[in-house]
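Quick note on labels: first sequence line is chain A, next is B, and so on, each numbered from 1.
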Amino acid sequence: MADRPEPAAWSDRIMEPLAAPLVAVAATLVLFGAFMALAGHNPLEVYRLMGVGAFGSWFSCQNTLQRAAPLLLTALCTALPARMGLVIIGGEGAFVIGGLAAMAAGLPLVDAGLPPLVIQAVMALAGMAAGGALIATAGALRHWRGVNETISSLLLSSIAIAVMNQLVEGVMRDPTSLNKPSTRALPDPDMLGTMPGMDVHVGLAAGLVVCVATWLLMTRTTFGFAVRLVGGNLRAARLVGLPVGPMIVIVTALAGACAGLAGMVEVAAVQARANANIVAGYGVSGILVAFLARQNPLAVIPVAVILGGIGASGGLLQRRLDLPDAVVLVLQGILFVALLAGEGLPRWSEFRARIVR
Amino acid sequence: MSDVALAANLGLWTVPIAVVGGAIRVSTPFLFVSLGELVTEKSGRINLGLEGTLVMGAMSGFAGAWLSGSPWLGVLLAGLVGIALGALHAGICSLPRVNDIAVGIALMLFGTGLAFYLGKPLVQPKAPTLPALPLGWWSDIPQIRAALEVNGLFVIGLVLTPLLRWALSNTRWGMIVRMVGDSAEAARALGYSPLRVRLAATCFGGFMAGVGGSFLSLYYPGSWNEGLSSGQGITAVALVIFARWNPVGCFLASLLFGGAVALGPALQAVGVTAGAYLFNAAPYILTLVILILSSSSRHRIAGAPGELSVTR
């Protein structure tokens, strides 16, 4: 017990944010390993195969990055509002409605024969606007009507998915898509290209840029400071005259726009059409990425790559060990639960103080 | 094709009859999840993970019925699995600095993932389903008979509703749960452990959600597959808020939601096919509208437990 607080040791500053996630990851490896052992598989073999499936070759690395790209953006849908103390879990709906809006805006331009770059730009804007509007609704309802944003964002997400299914089945349906109702396809020349030197679409670059940009916005600008103030102490933020309502709308719109952009990339670079395939769980996994990254846009990047790798290795586990594809969901679920339980452990500095003393 | 002929005879009356029948059938999972969640929320906690519990209940109920040959043993197993998941939620939430909403989201993912994994071998087999009580015996019209084929679980829910209302306001246990939910401080001052009461209340919620899930796989639709739940678990959580934490309200709201879901297929049967997906989304739209109308930015929702984070 010192009279005045000592300056935090450098190890504290590094370990404080990392300790809980690391403990959670270690606990997950043990628990999931035990689960695999109970299912009759050698856990070490499972982990080795996951490593190979995620990062074992240039091909699997590209697969990992391809899966990480949408997670970079959908994670921000949860991470940005979290800075204001809001728990938004509607990323899946913003992703889907973003993809749908992108197709709705893009196809008439294709018919009009506009150059690909114009079409892609309009598609991206449409996707961002649709996703942004969806999540901003949850933010606005929170501020002006006091509706809990977690529940409303989830409901809005389900409604958005139903709207997509309805339109793809009805007005926007391509009559030639028989088994799986879809919109018309985006012609090849108008699709988003790949990054130089690799087989991964440019959505990866977009995701990286947006992560870095939102990190700068949240940590290096006055606006970001104000956002964190609202999240830290709402009453103080009101007292200093911050426009809390408009700020909530801006941040939730930005968050939804990120997920909407991811949806646009999904239709414009991967699927070429909007159909039920775009409800692929990227929005839901994004929630886990955001929590694992402790709602830090910069930390989202490595976490998205790791979770993209877990997803990419699912196929190999299915082929080699005959495990159901849901094994990835089990691993993600255990990881999420362990992570939150880890938040309840004593903080690193308290822990270290106990040992040193 | 006699069904079509009869449908033509009854004309548009088939729609309300099918909606009533559908409301009774579809409402049962809503009713069980919401009654369970009501007790959990009354103790001051919200468990968003009931969606995962519901799916786990559907899977384990089906597995239990398939392995034992008795659907009621399946229901029991589903309830026990629900208790385990409820205990997991309450256990993690009792740690310091842990947010119950976040734990709920995590358990939603965990429960559905685990159910999909363990349920892979259950997609093919057929399990014995729960029996139905033919309450439509007095009628000659097959539509009315079909509509009034009422499941035993619905009857249990019907009985449980007033019982729960009475227990919450008149029994010692009910008062302890409500006190913990309104002020943990007061409960602690009187020597009750809020964490322990919430553990019991969350386990009760898990049990009910597990049983509600088993209804899906053992009665209607009556088989196990990964698309079984269309978000009933999460809708039921919001339904409790709509019902203002009143069991009778939960019952009526469950019927309303069940009817809303049944309206789409009922209209389809008489030839109105437009908007099938939008009808599926009816419960979400209804919930959202109701939440908007019943919430206020100035004051808490009337009747909300004081400790409940979600209404703050």
(message) Please check if the number of heavy atoms outside R196(B) that lie under 6.0 Å from its CZ is greater than 12.
(response)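 No.
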(message) Can you list the residues of residues 96-103 of chain B that sit under 4.5 Å from chain A, counting heavy atoms only?
(response)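 Against chain A, the residues of residues 96-103 of chain B that fall inside the cut-off (heavy atoms, under 4.5 Å) are P96(B), R97(B), V98(B), I101(B), A102(B), V103(B).
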(request) Give me the contact list for residues 34-44 of chain B versus chain A, heavy atoms only, anything under 4.5 Å, ordered by residue number. (result)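 Counting heavy atoms that sit under 4.5 Å from chain A, no residue of residues 34-44 of chain B is involved.
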(request) With side-chain contact (heavy atoms from CB on, under 4.5 Å) as the test, would you mind laying out the steps for F336(A) and I105(B) before giving the verdict? (result) CA-CA 9 Å; F336(A) 206 155; I105(B) 300 167; 4.1 Å; yes
(request) Would you check if E343(A) and I92(B) make a side-chain contact, meaning some heavy-atom pair closer than 4.5 Å? (result)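 Side chain of E343(A) against side chain of I92(B), heavy atoms only: no contact under 4.5 Å found.
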(request) Might you work through the side-chain contact (heavy atoms from CB on, under 4.5 Å) test for N148(A) and I46(B), ending with a clear yes or no? (result) CA-CA 12 Å; N148(A) 178 267; I46(B) 187 159; over 6 Å; no
Which bit of [X] is near chain B, if near means a heavy-atom gap under 4.5 Å: side chain, backbone, both or neither?
{"X": "L340(A)", "result": "both"}
{"X": "L141(A)", "result": "side chain"}
{"X": "E149(A)", "result": "neither"}
{"X": "Q166(A)", "result": "both"}
{"X": "S152(A)", "result": "both"}
{"X": "L323(A)", "result": "side chain"}

(message) Applying ring pair (Phe, Tyr, Trp, His ring centres under 6.0 Å), can you list everything that pairs with Y284(B), at least two apart in sequence or on another chain?
(response)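 In terms of ring pair (Phe, Tyr, Trp, His ring centres under 6.0 Å), with neighbours along the sequence ignored, Y284(B) is linked to no residue.
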Which distance, rounded to the nearest 0.5 Å, do you find between the [atom1] of [X] and the [atom2] of [Y]?
{"X": "L155(A)", "Y": "T235(B)", "atom1": "CG", "atom2": "OG1", "answer": "6.5 Å"}
{"X": "E226(B)", "Y": "D325(A)", "atom1": "CD", "atom2": "CG", "answer": "6.5 Å"}
{"X": "I334(A)", "Y": "L109(B)", "atom1": "CD1", "atom2": "CG", "answer": "12.0 Å"}

Let me know if [X] has heavy atoms under 4.5 Å from chain A in its side chain, its backbone, both or neither.
{"X": "L288(B)", "value": "both"}
{"X": "L293(B)", "value": "backbone"}
{"X": "L291(B)", "value": "both"}

(message) Quick check for you: among A39(A), S158(A), G170(A), which has the greatest number of heavy-atom pairs under 4.5 Å with chain B?
(response)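 Looking at each of A39(A), S158(A), G170(A) in turn, S158(A) comes out on top.
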Where [X] and [Y] come nearest, the two heavy atoms and their spacing:
{"X": "Y117(B)", "Y": "A326(A)", "value": "N-CB, 3.5 Å"}
{"X": "P324(A)", "Y": "K120(B)", "value": "CB-CG, 3.2 Å"}
{"X": "F110(B)", "Y": "V330(A)", "value": "CD1-O, 4.4 Å"}

(request) Select, from L88(B), L118(B), L114(B), V237(B), the one with the greatest count of heavy-atom pairs under 4.5 Å involving chain A. (result)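 Heavy-atom pair counts peak at L114(B).
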(message) Using a 4.5 Å heavy-atom cutoff, which residues in residues 77-97 of chain A come close to chain B?
(response)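 Within residues 77-97 of chain A, the residues that come under 4.5 Å of chain B (heavy atoms only) are V87(A), I89(A).
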